[in-house]
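Right, one structure below, let's go through it.
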Protein chains: 4
Amino acid sequence: MKQSPRVLGRPRHDENAKPKKDIVLETATRLFIKEGYKNISMDDVAKACNVTKATIYYYYPTKGDLYTSALLAMMDRIRLSILHILEQSIVFKERLEQLIEIHLSATVDIDMKNFMREATINLSTSQLKEVQAAENNMYKTIEQAMQREMEQGTIRKGNATFFAHAFMALMSVGYFKDGEGERLFQSEAMAAKEIVDFFWQSVEK
Amino acid sequence: MKQSPRVLGRPRHDENAKPKKDIVLETATRLFIKEGYKNISMDDVAKACNVTKATIYYYYPTKGDLYTSALLAMMDRIRLSILHILEQSIVFKERLEQLIEIHLSATVDIDMKNFMREATINLSTSQLKEVQAAENNMYKTIEQAMQREMEQGTIRKGNATFFAHAFMALMSVGYFKDGEGERLFQSEAMAAKEIVDFFWQSVEK
Amino acid sequence: MKQSPRVLGRPRHDENAKPKKDIVLETATRLFIKEGYKNISMDDVAKACNVTKATIYYYYPTKGDLYTSALLAMMDRIRLSILHILEQSIVFKERLEQLIEIHLSATVDIDMKNFMREATINLSTSQLKEVQAAENNMYKTIEQAMQREMEQGTIRKGNATFFAHAFMALMSVGYFKDGEGERLFQSEAMAAKEIVDFFWQSVEK
Amino acid sequence: MKQSPRVLGRPRHDENAKPKKDIVLETATRLFIKEGYKNISMDDVAKACNVTKATIYYYYPTKGDLYTSALLAMMDRIRLSILHILEQSIVFKERLEQLIEIHLSATVDIDMKNFMREATINLSTSQLKEVQAAENNMYKTIEQAMQREMEQGTIRKGNATFFAHAFMALMSVGYFKDGEGERLFQSEAMAAKEIVDFFWQSVEK
DNA sequence: GATGAATGAGTTTTCATTCAT
DNA sequence: AATGAATGAAAACTCATTCAT
């Protein structure tokens, strides 16, 4: 099972092919989410993309930059997905349930806290700043929704920032697996319901 | 440039001196908590302990074992501290507040989720099992308290395991720092109060 | 934040603009002189020229060729400048002083010996030959002047080749900087005078 | 012709064997002298010493440190050899001749200027400082001899530092090889004589 | 004429681990 | 009980060069 030998130089361009830069970013994101910054080497990413390391460095000058780009893209995608869900015109509580259900279904545990930690340890100050801004935007999206609902009287008045963080923290409970790999709830739908119910009792009027 | 005079002969063993094994474990724990498994090398630990790498290997056969021992010790310490606090004979809500305040004051973010993640990625199956058991014990301690309070009617009936995880998740909000390094609350005491108030509304009868 | 407007269509070729080939050569020469062959990458040259690496390869098939061309051009320029100075009709000693002063003033240490060393190590045999020939021509120019002056009785008879090399070696003393970056002489003019005086005592009749 | 497989861990100690640290330093010095800093990789050094790269890093934390150590050792050796020769109780002119003859015979072109250049480009500030100090000491040794001879009236009064540098510069002419690899003089002895004669005419009373 | 994309082979450095003493 | 010396494997990053456009 020999692979066709790779050739030097610029390859012939295939109109339908995704740009390599994007492939690299997507692959890297996936790997970083699964295993974290230090456990994924540039070689790992290269192999997973079927390109050489040098190709990755052509697009991303350092590993930190690749990680930064991956995080930014991911956080922005999440932010948009959150925004999309929260903008629907159904009752707030149901929107929250959807939020949880959809994110729990995305299989991978999008563990913000951990990303931020790895960022803090491994990124340069300027890279870290970018990532922090993106994280902030994510939380702001939820916060603003909380704020709106407070004003409309759907939920009680309170610290919207805290509410947003509390909500995300509670969501993370849905990812928990015990020693046997068992989740706390039987399905994402049930997890979503239980978690939102719990959250709701704290925020309802 | 004289050197400080040194006593001749074999130094008497200092009864009060901590055994090296413990020094290593404590130092390693501290470092692993701050920077994570992959960011701390055996060399780092050795330097911080003022012993050689070989000494560490004398006591802990692999890095994974050292990490495992560190986690076990830490989780057990936390478990005991939780137990100690929850066993007091003051009203439950106040005990919960104390729990949060004390842990938030311990400066370092004891981020269980992250430890478990690093464990999953880096430890052998048998090591991982030990760590998972220890984590479980920690949660069980809180869970049992929740169970007891349900039975005594202090809080409403519900899924005690979920309550325990929800509580810990909400506690983690207290660690959050934004881009400027600002926490959400002005003091640990206020954080504890707000978080428990929030939690309480969900669990009270 | 508007971009500066750009004219549509193919830009008219600017007659006055230097051909890229020359820009590349000049830039490369400057960089190689300052930092040496191995410390300057093709990327460095490209960046400094504001062209792409591929452009450089369009004109110079290998890095060795670029270095060769740079050395040849430089040595020829130096040879011509030496020739120009030595051909003047003022007394020989003064011509020698001018030679030193002008070269010391050229800020960069034109260290022939080092260029030849890097050439020996890094160039192909045929490239090396070209460079050696150019170096030879440079020395020959001085040698011939020495020869002429011997015949005219301005200086004593002796090994003209040795005299030429001795002169250049002494000139290099003028470049010396100590640990504090201090030169041996206060000005190029004084250096020139001292060095030529020293040389002169060895060669006068 | 398989090599005996290298084994992990500390090797059995052979009383007669030279310490590896010294072997590494000597080998590295030889290689750096011949090919320069950038042309010699840590791998090259390791292979030439028949140890692994990691062994080199065990003794010398960076390539720059290895180079620094190599230069320092070399310069000190040269300084001592110079000192030794200049301290003899024969006439000064003969001592100078010996100096040149011995150094020219050492086969390798000990090109101080070039070492200093590579040091400037590649070493850290603190490493550079050490090397500059060592270079300085070397020159100081000759300078002091010049000074003494001035005071004793063997040579004319003048700038001793300049004299020392001039002498070393003239010595370097002895290393010159033309395109065909021919030296300027037939033997080291003749080179020494010619060079010192030349130098002497400039410094005699 | 000039460029963007890609590579293979190297570079310096790190690190968990081993083993004789 | 503790250490000093050594290793193999991998990590991040560089660089001269190639080739389709």
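Model, not experiment: these values are computed from the prediction.
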Ranking Asp44(B) and Ile40(D) by the position along DNA chain E of their nearest nucleotide, the one closer to 5' is Ile40(D)
N/O (side chain, Ser41(D)) to phosphate O (OP1/OP2, dT11(E)) under 4.0 Å: yes
Would you say a side-chain N or O of Tyr57(A) is under 4.0 Å from OP1 or OP2 of dC13(F)? yes
Test of understanding: with side chain to side chain donor-acceptor pair (under 3.5 Å), list the residues that count as partners of Asp44(B), not counting sequence neighbours. Ser41(B)
dC13(F), OP1 or OP2 - any side-chain N/O from Tyr60(A) closer than 4.0 Å? no
Apply side chain to side chain donor-acceptor pair (under 3.5 Å) to Glu26(B) and list each qualifying residue two or more places apart in sequence or on a separate chain. Lys18(B)
In terms of the nearest nucleotide of DNA chain E, which residue is placed more toward the 5' end: Thr62(D) or Lys21(C)? Lys21(C)
Note every stem involving DNA chain E: at least three consecutive Watson-Crick or G-U wobble pairs, i with j then i+1 with j-1, with both distances under 3.5 Å. E:2-21 with F:2-21
Could you check whether Thr55(C) gets within reach of a base, just the sugar-phosphate, or nothing at all, counting any heavy atom under 4.0 Å? base
Who passes salt bridge (charged side-chain N to carboxylate O under 4.0 Å, His left out) against Asp43(D), sequence neighbours left out? Lys53(D)
Taking any heavy-atom pair under 4.0 Å as a contact, classify Lys53(B): base, sugar-phosphate, or nothing. base
With Gln132(B) via side chain to side chain donor-acceptor pair (under 3.5 Å) - residues at least two apart: none
Taking side chain to side chain donor-acceptor pair (under 3.5 Å) as the definition, give me every residue that meets it alongside Thr125(D), ordered by chain and number, with sequence neighbours left out. none
May I ask you to verify if any side-chain N or O of Tyr58(B) is less than 4.0 angstrom from the OP1 or OP2 atom of dA2(F)? no
Send over the distance from Ile56(B) CD1 to dC15(E) P, rounded to a whole Å. 13 Å
Given atom NZ of Lys20(D) and atom P of dC19(E), what is their separation to the nearest angstrom? 16 Å
